[in-house]
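These values consider heavy atoms only, across backbone and side chains, with no hydrogens, waters or symmetry-generated copies. Below, chain A is the first sequence line, B the second, and so on; all start at residue 1.
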Amino acid sequence: MKTERTRNRDFGKGDWKSYFRLIPYIRLPWIAIAVAFIVEMGYSEVMAYVPVSTSALFSGEFTGKALGEAVVYNVLNFALMFGSLILTSWVSSAAVRRAQDTLWGRMLRLDMAYYDTRDPANLMSTLTNDTETAVKSLISQLVSLIPAVYYLVKVCLTLNSYDWRLLISVLILIPLNVAYVVVLGRWQYEVNAGIFGRIGKLTAYLAERVSNIYLIRSYTNEKKEEENGLNAAQGLYDAKIRAAKVSAVGNLAGNVMEVLQRGVPVVFGMILLQQKIINMQQWVAFFLFMGQIITKINNLVGVWGGIKSAQGSAARMVEILKAKEEPQKNGDGQKIVRDGDLAFENVRFAYGEKEVLHGVSVTIPQGKTTALVGRCGSGKTTLLSLIERLYTPSEGSISIGDTNITDYDLCVYRDHFAYVQQDAGIFGGTFRSAMTYGIDREVSDAELENVARQTGLWKLIEALPDGFDAGINISGTSVSGGQRQRIVLSRELLKQKPVMLLDEPTSALDAMSAMNIQQMIIDLFPGKTKLMITHDLRLLAQVDNVIYMEDGQVKDSGSPEELMQRCEAYRSLVLCDEEVCA
Amino acid sequence: MKKKPFDTFRTVLSGVKVPWIFMLISIVTQFLLANAMIGTAVLTAAVVDSHGNLKTMDLLKYIGLLLGSGLLATAGSFCNALLSERINIGVRSKLWKKLLRLPMRFYDAESGESLVSRITVDCSRASAFFGVIIMTLASLYGIYLAVKSMIGFSRTLTLWCLILVPVVAVGVALSGKLVFKAQNKLFQTQADATAYLLERVKNLRLIRSTNMSDNEIGFGRARFSAMYRATIKAMLCDNLMASFIAVTPIALIIITFIVGSILYAKDMISLGEVIGFYTVSSMASIRISALITAYGDLKAADGTFEKISNVLKAEEETDAGIPLELPDDSLVFEHVNFSYKDRDVFRGLSCTIPVHRVTAVIGENGAGKSTLFKLLERIYEPNAGTMRFGTRNAADFQPKSWRKAFALVSQDRPLISGTIRENITYGCTRQITEAEMEEVAKQAGIWDLVSSLPDGFETRVEANGGNFSGGQRQCIAIARAIMRNPDYLLLDEATSNLDARSEKEVSEALANLMKDRTTVIIAHSMSAIARADYIVALKEGQLEAAGTPDELSKTSSVFRNFVQSHYMPQEA
């Protein structure tokens with residue numbers, strides 16, 4: 001888990017280009033940004049005048065005018081500060097939401113191949129954390145970078161109008177300050193990365209052990225695990241202490257900086273005051289300015305670091321935004337699928353570098369039951385994915401009847417199939433929502449009950465007080481694997497599609513139920529094309545047609561009897577299984 | 001009610017070494033710091049009143065105070081970090097030890113994620129509590145010093161400033177409640193969106209193949225909008241509270257300078273004193289807002305301590321009983337009732353697992369086969385009824401020594417992250433020689449695999465064994481069981497995870513493992529039945545029938561169904 005995360009961080013090293021390239025991809029609320037910018041400019045303007053107006057009071061000018069001016073400027077300053085704070089975070093929240101919308105829409109349409117090499121948890125954190133980091137940083141730069149510079153220039157001009165030497169004393173300190181922030185920032189970044197790594201390690205360790213607590217108990221390994229846990233905690237402790245030491249050194253250096261920043265100008269100002277080069281009010285204003293300037297400079301230096309760290313996030317977002325989308329349609333895209341035999345013609349396919357189908361040519365006859373058999377890794381599931389157009393063949397073509405499947409509009413095409421995927425999942429919600437996911441017609445309770453009886457789900461649902469409206473946890477973790485598979489089967493049966501693709505549809509069920517359900521599918525839908533991947537060799541007596549695959553190729557296909565007679569490899573697969581069963 | 005927070009506090013910290021010395025240093029530095037700050041303000045007043053004729057001594061004093069404060073702040077925060085990290089690791093260790101000893105039922109009631117966050121997140125929060133206490137003390141002391149110094153500058157001005165206190169306090173308290181509510185709502189929407197996205201991202205294939213992309217875009221948008229609204233609300237509440245705090249300095253300027261100018265005109269106060277007063281009163285207002293924050297943190301810590309102490313107070317699994325040193329005997333269930341939190345499994349189960357024989361357990365999904373194993377291993381204790389070891393009650397034996405007599409080979413998630421060696425020797429307390437490793441690997445049928453790997457036994461196993469095939473995982477798990485050399489072997493047979501060839505390899509390894517041991521198999525295939533000389537058929541939480549396969553083919557419909565569904569109709 002942790003290695004994944006660091007790898008992810010590495011790939012997203014980021015650069016200035018991708019940071020700014022983000023702008024055209026996400027629809028930024030430009031008008032709101034402009035308003036926030038204007039308010040921020042106003043804030044800078046007023047803020048630069050606050051010390052001037054307040055210093056009159058401090059130097060003993062207790063007139064009504066001075067008091068009034070000081071109060072007005074302070075109140076205005078306060079109002080603008082909050083105004084700009086609220087506006088900026090409003091704008092950036094709105095922009096984050098838009099970016100998330102865009103990114104999520106894109107992710108749902110990306111080519112499936114994009115996901116083969118990526119960890120879902122990372123993609124998710126790009127969607128939630130990275131958008132927030134990158135977009136917020138972008139907005140805050142757009143809104144406040146120019147006003148901050150404007151403020152500094154204005155203050156420098158004001159100080160210069162008092163005396164040029166005051167300006168110099170400020171300017172000398174700036175490079176020192178920048179150096180301090182940059183050096184310390186880099187050091188702290190490293191130390192913090194260490195802490196994150198350790199937290200990741202500890203969390204990953206604990207998560208795995210807690211979910212395998214049964215194993216720990218069963219093997220009475222509590223002592224050892226206790227030690228391992230303490231070691232992981234100790235690692236985090238060490239990293240934290242290292243961070244504390246670094247920040248202590250940083251604090252000390254910062255303290256010296258502060259003495260320089262406050263002390264030197266004050267002493268210097270004092271000397272100028274004594275020599276009557278500046279007056280009391282100017283000295284006080286200068287003193288007040290110093291506090292503001294230091295904060296502003298630190299903020300400006302922080303901007304650099306902020307952009308640097310947001311660059312990685314931006315790069316990860318841009319990568320998704322730029323990635324290839326699923327080919328939705330070819331040309332106009334035919335809108336009605338005419339049923340027919342499914343034919344593969346010399347189809348090759350590779351996941352990344354690794355070719356898994358080496359020129360497959362085979363026909364799956366319409367209206368028949370076809371069993372797809374072969375050892376693990378022979379390419380059976382890939383074959384189904386290609387039929388479903390989850391992936392596109394790198395070579396060769398697939399057709400239904402005499403139409404190439406890529407000629408159909410993608411949505412219309414997929415609507416032609418019911419597809420029970422291997423280890424198929426469900427989404428949390430209720431039994432009803434899980435069973436009717438992706439079905440846009442109204443499904444009556446009677447229909448639900450009927451299909452639940454067929455898949456053996458009814459006994460469970462009947463016993464639930466809320467029936468079909470009983471809740472299911474996220475990812476269906478509250479129901480057993482067998483029940484989950486029955487829900488998936490129910491869903492796909494309810495769809496009543498002309499073609500059924502079944503990828504080990506009963507692998508999580510006990511043998512009796514598995515047999516019954518597969519039998520039911522064969523019996524109940526006699527006219528439909530059914531393509532079934534199965535390890536259940538007993539089923540082979542029932543099917544019309546068998547396709548035997550080995551190492552990414554179709555070795556043979558035909559009726560079960562034919563294959564038994566002429567295909568040596570197929571025979572050994574079946575007999576080997578019998579031997580075990582005998 | 002009043003006593004409860006203190007109770008939970010004591011539960012969490014008892015046995016944890018709190019480095020009081022660091023706490024003391026932290027407090028002392030904070031107090032000195034408060035003094036130094038007031039000192040600077042007084043000095044500023046002196047500087048102003050000197051009208052430019054500044055004494056060098058005062059200048060040096062000013063710089064000295066600045067430097068000194070910095071040093072103190074550094075030392076203070078370092079001690080604070082040491083303090084909280086020491087406590088953090090102390091509580092963490094204690095909690096982890098406790099978790100490892102809690103009964104399984106505890107794990108059924110809480111999700112794994114929340115238990116993990118108890119150790120990672122909540123412990124950090126609890127240890128930050130000491131920092132909060134120090135800040136509270138420092139704030140109180142700082143306020144006291146500031147007010148004393150304010151009175152020193154001018155009693156009248158001080159009284160005028162007191163008007164502010166109730167206004168700010170009420171405003172902050174009210175808006176604080178809003179902030180709390182808005183934050184909670186925000187966390188909720190965030191958690192909801194995260195859970196939604198994670199679920200969907202993990203199963204994009206389903207969305208694709210069901211043509212649901214457009215709908216999911218809409219669902220996602222609804223989550224993002226909810227999050228957006230909650231963020232805006234939380235931000236507004238935050239700013240409302242902040243504005244109550246921020247209003248103080250402005251009010252202070254108004255009061256100080258209006259009242260101050262009147263007093264100045266009457267010559268009752270010097271200019272320096274007005275400015276000194278203003279500086280000190282701003283310090284007081286900063287201290288007060290720090291106190292308010294600390295109060296909020298204290299309330300939050302209360303909840304955290306309670307969460308941790310709930311775990312620490314939970315009853316541990318017993319470690320009492322006599323060690324199991326008797327010769328192997330049959331295991332007998334007598335009228336056993338058992339249920340999980342929300343699911344009944346056994347209602348009056350009575351059956352025998354005969355010693356030195358191979359027993360196959362059959363039954364439909366949910367008949368309680370896996371639960372039977374957990375009861376045999378005493379991972380759970382029955383709700384009613386007893387399990388006997390020969391004639392003795394199994395509960396008389398020490399659970400640890402009891403479990404040492406068993407080894408389980410389970411079908412799901414058999415491996416943990418680490419190396420192959422760590423997985424095979426999991427739970428072994430003695431030293432294992434290389435020769436022994438090799439012997440075990442050969443018996444389990446993984447020697448060829450291990451010797452083909454460049455790192456051999458030190459090859460990394462990823463979480464849940466993701467980098468090995470299903471058959472390899474099973475065989476490594478079998479090697480672990482062989483290494484354990486148990487008296488009782490529990491096999492949860494894999495269903496259809498394996499293709500025929502891998503299944504053959506696994507079954508050879510199993511045959512080696514089963515030699516001369518009392519074995520119980522959860523059977524899914526005829527091959528398991530073929531190995532068994534005794535069958536236990538479960539149905540609806542009870543024993544349906546038990547006996548030899550021959551007997552059961554006459555008495556048990558569960559068994560007949562089982563055989564029938566595994567029968568090969570098509571004999572060549």
Side-chain angles (χ1 to χ4, degrees), chain A residues 57-58 60 62 67 74 82 86 89 93 97 100-101 104-105 108 120 123-124 203 206-208 210-211 213 217-222 226 229-230 233 237 240 244 248 251-252 255 259 263 270 273-274 375-376 388 411 414 419 425 438 474-475 482 507 510-512 515 535 541 576-577 580-581, chain B residues 52 54 63 66-67 70 74 78 81 85 89 92-93 96-97 100 107 112 115-116 120 195 197-199 201-203 209-213 216-217 220-221 224 228 231 235 239 243 250 254 257 261 271 275 364-365 377 379 400 403-404 408 426-427 463 496 499-500 526-527 561 565-566 569-570:
Chain A
L57 287 182
F58 280 106
F62 289 154
L67 191 60
N74 272 294
F82 277 99
I86 289 174
S89 53
S93 302
R97 181 177 64 151
Q100 282 170 334
D101 268 359
W104 179 231
L108 284 170
L123 289 172
M124 218 220 24
T203 311
L206 290 174
E208 194 189 15
V210 164
S211 62
I213 190 80
R217 289 295 154 82
S218 172
Y219 276 79
T220 50
N221 206 23
E222 287 94 342
E226 188 180 310
L230 297 195
Y237 173 83
K240 284 271 189 78
N251 281 343
L252 273 181
N255 176 232
V259 172
M270 275 294 185
L273 184 63
Q274 272 172 343
R375 300 192 196 288
C376 292
E388 182 77 6
C411 284
R414 282 188 185 152
Y419 182 16
I474 295 262
S475 297
S507 57
D510 57 83
M512 193 66 197
M515 196 61 204
H535 284 306
C576 172
D577 190 64
V580 174
C581 291
Chain B
L54 194 66
I63 291 179
L66 277 178
L67 267 173
T74 306
F78 187 64
E85 289 313 320
I89 194 171
R92 232 170 228 162
S93 311
W96 178 232
K97 276 184 204 167
L100 283 170
Y107 287 86
L115 286 177
V116 171
T120 51
L197 290 173
L198 192 59
E199 184 187 40
V201 168
K202 275 186 183 161
N203 207 345
S209 68
T210 46
N211 265 337
M212 286 291 278
S213 292
E216 291 296 348
I217 288 176
R221 182 166 295 161
F224 300 140
Y228 165 73
T231 313
M235 184 266 294
N239 276 315
S243 66
I250 297 183
I254 299 175
F257 286 100
S261 65
L271 177 60
I275 289 167
E364 287 184 9
N365 286 2
E377 282 193 275
I379 300 287
K400 265 200 186 145
R403 285 178 199 149
K404 283 220 163 90
L408 167 80
Y426 196 78
S496 53
D499 61 54
M526 280 310 288
S527 54
N561 277 336
S565 65
H566 289 87
Q570 158 237 354

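Only the side chain of B:I379 comes within less than 4.5 Å of a heavy atom of chain A; its backbone N, CA, C and O stay farther away. If you measure heavy-atom distances from B:R403 to chain A, the contacts under 4.5 Å come from both the backbone and the side chain. In this structure, the portion of B:E377 lying under 4.5 Å from any heavy atom of chain A is its side chain and not its backbone. Residue B:F257 touches chain A through both its backbone and its side chain, counting heavy-atom pairs closer than 4.5 Å. Contacts between B:Y107 and chain A at a heavy-atom distance below 4.5 Å involve the side chain alone, from C-beta outward. Interface residue A:Q100: backbone and side-chain heavy atoms are both found under 4.5 Å from chain B. Proximity to chain A is limited to the side chain of B:I89, based on heavy atoms less than 4.5 angstrom apart. Both the backbone and the side chain of A:E222 come within less than 4.5 Å of a heavy atom of chain B.
Atom-to-atom distance recorded for B:W96:CH2 and B:L115:CG is 9.5 Å, nearest 0.5 angstrom. Between the CZ atom of B:R92 and the CD atom of B:E85 there is a distance of 7.5 Å, given to the nearest 0.5 Å. Of the inter-residue distances, the one linking A:W104 atom CH2 with B:R221 atom CZ reads 12.5 Å to the nearest 0.5 angstrom. Considering CG of A:L230 and OH of A:Y237, their distance stands at 14.0 Å, rounded to 0.5 Å. Atom-to-atom distance recorded for A:I213:CD1 and A:S218:OG is 11.5 Å, nearest 0.5 angstrom. B:I217 CD1 to A:L108 CG: the interatomic distance, rounded to the nearest 0.5 Å, is 5.5 Å.
When B:L408, B:T231, B:I63 are compared by the number of non-hydrogen pairs under 4.5 Å with chain A, B:L408 comes out ahead. With chain A as the partner, the residue from B:V201, B:L67, B:L198, B:L100 showing the most heavy-atom pairs under 4.5 Å is B:L100. Heavy-atom pairs under 4.5 Å with chain B peak, among A:D101, A:L67, A:V210, A:N251, at A:D101. Contacts with chain A were tallied for B:T120, B:L66, B:I275; B:I275 has the most, counting heavy-atom pairs under 4.5 Å. Of the listed residues (B:S93, B:S209, B:A81), the one with the most heavy-atom contacts under 4.5 Å to chain A is B:S209. In terms of non-hydrogen atom pairs under 4.5 Å with chain B, the most contact-rich of A:R217, A:R414, A:R97 is A:R217.
Summarising the local packing, NZ of B:K400 is surrounded by more than 12 heavy atoms from other residues, nucleotides or ligands at distances under 6.0 Å.
Counting only heavy atoms from C-beta outward, the side chains of B:S243 and B:N239 never approach each other to under 4.5 Å. Taking 4.5 Å as the limit, some side-chain heavy atom of B:L197 sits within range of a side-chain heavy atom of B:F224.
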